[in-house]
Amino acid sequence: MCLKARHPKTKRDLLNMKTSCLWIVPVLILLQLGIEQVESKKYQRCELTRVLVENYNFDKTFISNWICLVEHESYLDTTKVTKKENESKNYGLFQINSKDYCTEGRKGGRCNMKCEDFSNDDISDDIACARMIQEREGFKYWKGWDRFCRNPQNLPNLRVACNLRSLSPVRSPRGFLTG
């Protein structure tokens, strides 16, 4: 009745027509919201360890540093955004700062990335930028690592907790890394 092209004859017909069409507006709104929805991911410690080693070829020697860093920076949450006192923001799993390494609203910064792209469940861009930061500045760039993970005794024992020895990079049939 909602989509029929007919003219209502009575007020009751008009009311019935409006009532039957009311469901369309919320459905259209939900569909529109779904198109732009940011997917998020809250990792568990061993799950992220496996992903970083197997899919992104992280060195097992330093994986405890990376996991400790992420646990203290973002609590393993890809959507974490933190406002800083200097008016900048930290974004995503690795809490990458908008002052130097990305730009809000458009690509920019040393990683040539849009900051908002670090706040979704696709962590490949986060990883590329975090690796560049670590190579340039070391783990000390991250205050969470400097405060909580600098002492090797504070690092998680992933060999035991996550069976780190059993993990190895996943390779495609041609020997290239996937992910």
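Quick note: residue numbers are just sequence positions, from 1. Keep in mind that what you see is a predicted model, and the values were worked out from it rather than measured.
Looking at residues two or more places apart in sequence or on another chain, you find a side-chain hydrogen bond (donor to acceptor under 3.5 Å, both in side chains) between D146 and R150. For the ring-ring contact (aromatic ring centres under 6.0 Å, His included) test, residues two or more places apart in sequence or in another chain that qualify with W66 are F58, F94, F139, W142. Looking at residues two or more places apart in sequence or on another chain, you find a side-chain hydrogen bond (donor to acceptor under 3.5 Å, both in side chains) between S88 and N86, N97. The side-chain hydrogen bond (donor to acceptor under 3.5 Å, both in side chains) test applied to E73 returns no partner, not counting sequence neighbours. Contacts of K41 classified as salt bridge (Lys or Arg N to Asp or Glu O under 4.0 Å), with partners at least two apart in sequence or in another chain: E47. Applying the side-chain contact (heavy atoms from CB on, under 4.5 Å) criterion to K114, with sequence neighbours excluded, gives E116, D117. For the side-chain hydrogen bond (donor to acceptor under 3.5 Å, both in side chains) test, no residue two or more places apart in sequence or in another chain qualifies with N151.
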Identify all side-chain donor-acceptor contacts of residues 106-113 below 3.5 Å with residues at least two apart in sequence or on another chain.
residue	atom	partner	partner atom	Å
R110	NH1	Y101	OH	3.4

Identify all side-chain donor-acceptor contacts of residues 153-170 below 3.5 Å with residues at least two apart in sequence or on another chain.
residue	atom	partner	partner atom	Å
N154	ND2	F148	O	3.4
N157	OD1	R159	N	3.3
N157	OD1	V160	N	3.4
N163	ND2	S166	OG	3.4
S166	OG	N163	O	2.8

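Summarising the geometry, atom CG belonging to N120 is positioned 12.5 Å from atom OH belonging to Y91; distances are rounded to the nearest 0.5 Å. R50 contributes atom CZ, which lies 11.0 Å from atom CD of Q44 (distance to the nearest 0.5 angstrom). The structure places CG of L76 at 5.0 Å from CD of E71, a figure rounded to the nearest 0.5 Å. The CG atom of L93 sits 7.5 Å away from atom CD1 of I127, with the distance rounded to the nearest 0.5 Å. The CG atom of L48 lies 4.0 Å from the CG atom of L52; values are rounded to the nearest 0.5 Å.
For a disulfide, the SG atoms of both cysteines must be under 2.5 angstrom apart; this fails for C129 and C102.
For residues 74-91, the pairs satisfying salt bridge (charged side-chain N to carboxylate O under 4.0 Å, His left out) are K89-E104, with sequence neighbours left out. Identified under the salt bridge (charged side-chain N to carboxylate O under 4.0 Å, His left out) test for residues 122-131, with sequence neighbours left out: none. Within the structure, ring pair (Phe, Tyr, Trp, His ring centres under 6.0 Å) contacts touching residues 105-133 (residues at least two apart or in different chains) do not occur.
Between Q95 and T82, some side-chain heavy-atom pair lies under the 4.5 Å cut-off. Between V53 and K60 there is a side-chain heavy-atom pair separated by less than 4.5 Å.
Nearest heavy-atom pair, S74 versus G92, reported as atom, atom and distance to 0.1 Å: CB-O, 3.4 Å.
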Task: Working for side chain to side chain contact (heavy atoms under 4.5 Å, CB included), residues I96 and N90 - done: CA-CA 5 Å; I96 296 168; N90 290 346; over 6 Å; no
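Both Y56 and F62 are part of a single hydrophobic cluster, where members link through side-chain heavy atoms under 4.5 Å apart.
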